Amino acid sequence: MLIDLILVAVGGGAGTICRAAISQRWNGRPGQSPPWLPWGTLFVNLIGSLLLGVLIAVVQSQTDAPYQYNNHYLILGPGFLGGFTTFSTLILQGNDLWSDGHQRKATLYMFGTAILGIFAASIGFILFTYFLS
């Protein structure tokens with residue numbers, strides 16, 4: 001049980017560092033004018049969703065045990081991808097857009113990310129299930 005938590009923590013730390021680097025690069029830095037949309041956050045959430053779908057397909061193809069108990073899944077799924085993607089930042093940035101008078105943009109950003117994230121995870125799972133069979 002403790003090893004599971006350590007795996008998630010190590011993966012989460014690495015994922016968080018990667019997200020921070022991408023967000024700084026694509027979302028702008030303090031003092032810069034913000035981009036039209038927080039592209040970095042959108043990118044990490046969609047790529048993370050796609051990769052989660054792929055990961056689940058790969059892990060399920062390798063064992064009959066539930067994927068939640070697989071060490072590779074723990075370090076990469078809730079670990080790396082959990083740290084890489086960010087729901088809290090999505091909500092914060094959507095609120096900022098809304099508060100700045102960009103209600104349509106905020107709605108598009110928040111609902112678009114959720115819908116595209118589900119679609120990306122499904123595509124990742126379906127494609128890799130197909131390629132692995």
Side-chain angles (χ1 to χ4, degrees):
M1 183 72 160
L2 180 60
I3 189 70
D4 294 350
L5 297 176
I6 292 170
L7 290 172
V8 171
V10 168
T16 301
I17 291 167
C18 290
R19 175 179 37 88
I22 290 170
S23 293
Q24 278 189 351
R25 176 84 170 122
W26 289 7
N27 288 348
R29 294 196 171 123
Q32 293 179 330
S33 61
W36 187 77
L37 277 178
W39 296 110
T41 306
L42 179 63
F43 174 79
V44 298
N45 285 334
L46 295 182
I47 293 300
S49 296
L50 176 78
L51 293 175
L52 184 61
V54 169
L55 176 64
I56 291 171
V58 169
V59 171
Q60 281 183 344
S61 73
Q62 294 176 347
T63 181
D64 291 334
Y67 66 86
Q68 297 94 329
Y69 302 110
N70 181 292
N71 286 345
H72 294 107
Y73 173 76
L74 289 173
I75 196 166
L76 295 173
F80 182 84
L81 294 173
F84 185 65
T85 59
T86 173
F87 186 73
S88 58
T89 302
L90 166 73
I91 298 303
L92 177 66
Q93 291 169 337
N95 183 62
D96 288 347
L97 287 168
W98 189 278
S99 297
D100 290 343
H102 303 287
Q103 286 81 12
R104 273 190 250 164
K105 201 183 292 186
T107 303
L108 173 69
Y109 173 60
M110 291 170 46
F111 282 102
T113 300
I115 292 166
L116 291 173
I118 293 166
F119 181 72
S122 299
I123 292 297
F125 182 83
I126 291 166
L127 285 176
F128 272 78
T129 300
Y130 174 78
F131 285 119
L132 292 171
S133 60

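Fair warning: this is a prediction, and the values are worked out from it, not measured in the lab.
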Value for CD1 (I6) from CG (L74), rounded to nearest 0.5 Å, stands at 12.0 Å
Is there side-chain contact between T85 and L90, with at least one heavy-atom pair below 4.5 Å? no
Sequence neighbours left out, what passes side-chain contact (heavy atoms from CB on, under 4.5 Å) with F43? Give chain and number order. I22, W26, I47
Side-chain donor/acceptor pairs under 3.5 Å, residues 118-129, sequence neighbours excluded:
from, atom 1, to, atom 2, distance (Å)
S122, OG, I118, O, 3.0
T129, OG1, F125, O, 2.6

For the pair Y73 and L52, evaluate side-chain contact (heavy atoms from CB on, under 4.5 Å) and give the outcome as yes or no after the intermediate values. CA-CA 9 Å; Y73 173 76; L52 184 61; 4.1 Å; yes
Among the clusters formed by ILVMFWY side chains lying less than 4.5 Å apart, do W98 and F87 turn up in the same one? no
Looking at V58, is its backbone amide N or carbonyl O close enough to the side chain of S61 to form a donor-acceptor pair, meaning the two atoms are under 3.5 Å apart? yes
Donor-acceptor under 3.5 Å (N71 side chain, D4 main chain): no
Give a yes or no on whether M1 and I75 share a hydrophobic cluster (residues Ile, Leu, Val, Met, Phe, Trp, Tyr; joining criterion: side-chain heavy atoms under 4.5 Å apart). no
To the nearest 0.5 Å, what is the distance between CG on L51 and CD1 on I56? 11.5 Å
Which donor-acceptor pairs under 3.5 Å do side chains of residues 9-21 form with protein atoms, sequence neighbours excluded?
from, atom 1, to, atom 2, distance (Å)
T16, OG1, G12, O, 2.8
R19, NE, G83, O, 3.0
R19, NE, F84, O, 3.3
R19, NH2, G83, O, 3.4

Distance (rounded to the nearest 0.5 Å) between L7 CG and L76 CG: 9.5 Å
To the nearest 0.5 angstrom, please state how far the CG atom of L81 sits from the CG atom of L50. 10.0 Å
Atom pairs and distances, donor-acceptor, side-chain atoms in residues 104-114, under 3.5 Å, two or more places apart:
from, atom 1, to, atom 2, distance (Å)
K105, NZ, W36, O, 3.4
T107, OG1, Q103, O, 2.9
Y109, OH, Q93, OE1, 2.8
T113, OG1, Y109, O, 2.6

Approximate separation, where rounding is to 0.5 Å, of D96 CG and I91 CD1: 11.5 Å
Return yes if some donor-acceptor pair links the side-chain N/O of D100 with the main-chain N/O of H102 below 3.5 Å, else return no. no
Output all residues satisfying side-chain hydrogen bond (donor to acceptor under 3.5 Å, both in side chains) with T89, sequence neighbours left out; order by chain, then residue number. T86
